[in-house]
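Scroll down for the structure; my scribbles are underneath it.
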Amino acid sequence: MSKKIEMLFEKTLWDLRLVVIVAVIVSALLSLVMFYVATVDAWITVTHLLHYADPTLDQASRLALRNQTVTHVVEVIDGFLLATIMLIFALGLYELFISKIDPARTQLEEGKGEAASNILVIASIDDLKNRLAKVILMILVIKFFEYGINMGFKEPLDLLIFAGGIALIGLALFLSHKAEEH
């Protein structure tokens, strides 16, 4: 009798992993939302940039428009990276808790799935966290770049602090690549 209860309990416990499908669906939907937002932002940036060639635009206005455009491009990249994080997260959760993604595996076996081999090499939660951490690090680098563009250097110390931030980012990227080698 106790063996039957144990088997029933273990089956129920195993089936509970399927609740992860909620996180997979929501993450995939959020990925689509972020792709949409980033695409709309890109379109708006391009339409605003059409004024850049206006001959009546003075140099200061042109420079302001250029800086604003660079900032918007960085924000678009940030949006696409966030969308990518959500997609990788959804795929990784699905592969870890639900099932391997058969179309991707088929493409890999046929030698057509280079993208699948780069995305779906997630064998554990640590693999998923490492993949997400790399993309998040890139988002932070882009955010730092965005703030750097708009930063006003009033004192030499401001420039020194900014240079220190760049050095720390370089160190973080170096350490993340070193950790990958192990």
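- Connection of F80 to V46 is not established within any shared hydrophobic cluster, with ILVMFWY side chains joined at heavy-atom distances below 4.5 Å, either directly or through further cluster members.
- When the shell of 6.0 Å around CZ of R17 is examined, it contains more than 12 heavy atoms from other residues, nucleotides or ligands.
- The side-chain heavy atoms of T71 and E75, taken from C-beta on, include a pair separated by under 4.5 Å.
- To the nearest 0.5 Å, atoms CD (E10) and CG (D15) are separated by 12.0 Å.
- Placement of I166 and V70 within a single hydrophobic cluster is found when ILVMFWY residues are connected by side-chain heavy-atom separations under 4.5 Å, directly or transitively.
- Taking CG of N67 as the start and NE2 of H72 as the end, the distance is 11.0 Å to the nearest 0.5 Å.
- Minimum heavy-atom separation, A38 to G79: CB-C, 3.9 Å.
- Hydrophobic clustering (ILVMFWY, side-chain heavy atoms < 4.5 Å, transitive): I25 and L96 are in one cluster.
- Here CG of L91 is found 4.5 Å from CG of L87. Values are rounded to the nearest 0.5 Å.
- Nearest approach of L93 to A23, heavy atoms of both residues: CD1-CB, 3.8 Å.
- One distance of note links CD1 of I85 with OG of S27; it measures 11.0 Å at 0.5 Å rounding.
- Summarising the geometry of I98 relative to I21, their closest heavy-atom pair is CD1-N, 4.2 Å, with the distance given to 0.1 Å.
- Under the 4.5 Å side-chain heavy-atom criterion for grouping Ile, Leu, Val, Met, Phe, Trp and Tyr, V20 is connected to I88 within one hydrophobic cluster.
- Smallest separation of non-hydrogen atoms from R62 and L57: NH2-O, 3.2 Å.
- The backbone N or O of E155 lies less than 3.5 Å from a partner atom in the side chain of D158, making a donor-acceptor pair.
- In the hydrophobic cluster analysis, where Ile, Leu, Val, Met, Phe, Trp and Tyr join through side-chain heavy atoms closer than 4.5 angstrom, L18 is grouped together with V24.
- For the atom pair I77 CD1 and D41 CG, the distance stands at 12.0 Å (nearest 0.5 Å).
- Atom-to-atom distance recorded for L65:CG and H48:NE2 is 9.0 Å, nearest 0.5 angstrom.
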